[in-house]
Enquirer: 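Mind looking over this structure? Questions follow.
What you are looking at is a predicted structure, and each value in this text was computed from that prediction instead of being measured.
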Amino acid sequence: MARLEIRGTEELEIKLSKLADPELMKEVVWAGAQPVADEIRKGLKKNLQGSEYATGDLLSSLGIAPPDIDRNGNANTKIGFHGYDRKGVPNVIKARVMESGSSKQKKRPFVRPAVRRARKKSINEMQKKIDEITENIMKG
Amino acid sequence: MTLKDIRDMLLEVTPNSFHQEAWQQTDEYIVWAEDSEADAVHTDNQKSVQILDVTVDVFTKNEYPEIIDKLQRKFNEKGIPWQLLSIQYEEDTKYTHYEYLIQAEWVM
């Protein structure tokens, strides 16, 4: 009876198991979040242009949370506004009113359009990071 | 559905419908505005179809507002893709703000 024996797969097995590390996905998510945050920043700057009330507090409060792994093993991050401005108003409220408007203020959406614009770039950046990580691990 | 169709549809929901801006008009009113391109189709090196994101904001001081039923029914009747983005209550003015995202076609 013919018999086939494959040897030397242990190294490949180790490399493949390294690829399954969910910690690596944090790097991928982080890479994908950058272009989205950049587009949001761009939109916000445009909204604030020429405003006599702009202090820069809202702009500087925009940030990306460190990626985390949820209970299902998926890597996630959040892009948002943290802290308060110099008058003690939560930056997230200011961003929300600018995005959605109110009965006293016209809306100037800058998050939703930015996310849409950055979608393709974000996916590409994540793919690039996956390729880079895979190449590094496979090279050993 | 074009922007003009959306204008007409919203005026059927309430005559207190405004394009781009309006502030505390009545106890209940709608403000709608187009804000960006959602999608497009190109043929023969030209943009042939352009889809716009349009937000429809309802401000109401009524509880369990009928205008919301009417508006959502209208979206469905007209076959418009719609999404309720947020509901916010303004403590200072007592308005409840319903924010919708719909799409319109820009005829080229």
Enquirer: Please flag which part of Arg108(A) lies under 4.5 Å from any non-hydrogen atom of chain B: side chain, backbone, both or neither.
Expert: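 Nothing of Arg108(A), per the 4.5 Å heavy-atom cut-off to chain B.
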Enquirer: Please flag which part of Ala38(B) lies under 4.5 Å from any non-hydrogen atom of chain A: side chain, backbone, both or neither.
Expert: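 It is both, since atoms from each part get that close.
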Enquirer: Sort Gln25(B) into side chain, backbone, both or neither according to what part of it lies under 4.5 angstrom from a heavy atom of chain A.
Expert: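 For Gln25(B), neither part sits under 4.5 Å from chain A.
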Enquirer: Is the Tyr95(B) ring parallel, tilted or perpendicular to the Phe59(B) ring (thresholds 30°, 60°)?
Expert: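 The arrangement is perpendicular - the two ring planes meet at more than 60°.
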Enquirer: Hydrogens and angles aside, do Glu90(B) and Ser103(A) bring a side-chain donor and acceptor to less than 3.5 Å of each other?
Expert: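 The criterion, which ignores hydrogens and geometry beyond distance, is satisfied for Ser103(A) and Glu90(B).
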Enquirer: Any idea which heavy atoms bring Val13(B) and Lys70(B) closest together, and the distance?
Expert: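 Smallest heavy-atom distance, with atoms named: O-NZ, 3.1 Å.
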Enquirer: Ignoring hydrogens, what is the shortest heavy-atom contact between Arg112(A) and Ser36(B)? Give both atom names and the distance.
Expert: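 Minimum heavy-atom separation between Arg112(A) and Ser36(B): NH1-OG, 4.3 Å.
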